Amino acid sequence: MSAPVTIRLQTSDFDVAAETAALTRGRTDIGAVVNFVGICRGGEGEGAISALTLEHYPGMAEEEIARHANEALARWPLTGLTIIHRYGRLMPGENIMMVLTASAHRAAAFEAAQFLMDYLKTAAPFWKSEERASGARWVEATREDDAAAARWTKS
Amino acid sequence: MSAPVTIRLQTSDFDVAAETAALTRGRTDIGAVVNFVGICRGGEGEGAISALTLEHYPGMAEEEIARHANEALARWPLTGLTIIHRYGRLMPGENIMMVLTASAHRAAAFEAAQFLMDYLKTAAPFWKSEERASGARWVEATREDDAAAARWTKS
Amino acid sequence: MRVLYFAWVRERIGKAEESVEPPASAATVADLIAWLASRGEEYAHAFEKPGVIRAAIDKVHVKPETAIRGAKEIAFFPPMTGG
Amino acid sequence: MRVLYFAWVRERIGKAEESVEPPASAATVADLIAWLASRGEEYAHAFEKPGVIRAAIDKVHVKPETAIRGAKEIAFFPPMTGG
């Protein structure tokens, strides 16, 4: 059977249940669905974040994510995957993005979801700016994220 | 803040969206939510599965899962987790169980969800019987599942 | 002592639970399995491969060498396949 | 040649995109960065640490040593922080 790939960049929120239903409806070859949702954190006290703005490179973001979605399909026996990434200004507690992977078995679904997340964190053309009482500041890339992404290129 | 743990064994289906909302509502310290849903596969042809019956050890299943939920809370900085496991007779395409983990960061949420799944596959007192045209047969434990579970006891 | 059976152990024995009075010489889980296996054909069939049988005493997983003294409830079952 | 800027590169330069005509001596991405940095204070500020600047040619990530010949669109931006 086919392995549908859905990629959407949007300002509006998404509905994980509807996306899951779209990926699994009418199929009986799926044994495992893994979903990751990234949420805007707020923090507390003076350093609290009042809003997060996501900027992206239109066109490149879609193409880059599609390339990595295809790589995930080549590496793991997935029955489908969905990636939705929001952009624009978000408040703490709001959804930022989601990855959904489906497979006959759980290892493939978990690994593909982690692979796609590590990729999105380090190489997809998105940038985050956090607003605090002290002003807006661009989020810096972390070494942990780079290390997490590097594990998929080791054989 | 508290890290709520919800564990339910039930015959009825569950609502991932409602469980996610219950775990995240009113909080701004959660940056990552990972959800795993196990689904009854059907297969095709002569070996197709017409139904799956899940038997469990009432009392022990809840206690065992709670022990492992607490171990997950001790090992990873989770903001909460939910485990729902169905029992009784299920049809292909139906949900079997779900694990939901929430944390400030994605690595903890992913790892805790995988730890709990590997545990549930190998040590929680549940047994599956598959119905085929040729009759009912108890599912045998797999070496892959044992190996997956063993990785969490290595230091 | 209350004994519970699950999955194909239950099916082979033909009951989900019963009360038993094992002899004092049955000190461990393995001893109890050997004694149960001697109680009839259905038990012999259920316990024909003692190495694959898992056991729990009072709802906690135990090993074959675990002592059964003081146990209220002992359960026997095949390897678990949840999730 | 169309040049795009994102995140703090865009903020420092004060524009999201522009058309530029770099000299023929600007053969690589690194050469183009050096030439852009010479165009004014705002550019010098944006490219003050060339090592942290990432680039894409026609929407594909490239390295500083990549040749820019034939490029229609070159984008400059800080390390990505999506997800």
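Everything numeric here is computed off the predicted structure, so don't read it as measured data. Naming: A, B, ... by sequence-line order, numbering from 1 per chain.
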Which pair of heavy atoms, one from C:Thr81 and one from B:Lys128, lies closest together, and at what distance? OG1-N, 3.1 Å

Shortest non-hydrogen contact between C:Ala56 and B:Tyr57, atoms and distance: CB-CE1, 4.4 Å

Note: vs chain C, highest number of non-hydrogen pairs under 4.5 angstrom among B:Ala123, B:Ala124, B:Gly38 is B:Ala123

Let me know if [X] has heavy atoms under 4.5 Å from chain C in its side chain, its backbone, both or neither.
| X | value |
| --- | --- |
| B:Arg67 | side chain |
| B:Thr122 | backbone |
| B:Met60 | both |

Are there over 12 heavy-atom neighbours, none belonging to B:Glu46, within less than 6.0 Å of that residue's CD? no

Sub-3.5 Å donor-acceptor pair from the side chain of B:His85 to the main-chain atoms of C:Gly82, do we have one? no

Evaluate the ring planes of C:Phe6 and B:Trp127, with Trp represented by its six-membered ring, and classify them as parallel (under 30°), tilted (30 to 60°) or perpendicular (over 60°). parallel

Side-chain heavy-atom pair B:Trp138, C:Glu11 within 4.5 angstrom cut-off: yes

Counting only heavy atoms closer than 4.5 Å, note whether C:Val52 contacts chain B via side chain, backbone, both or neither. neither

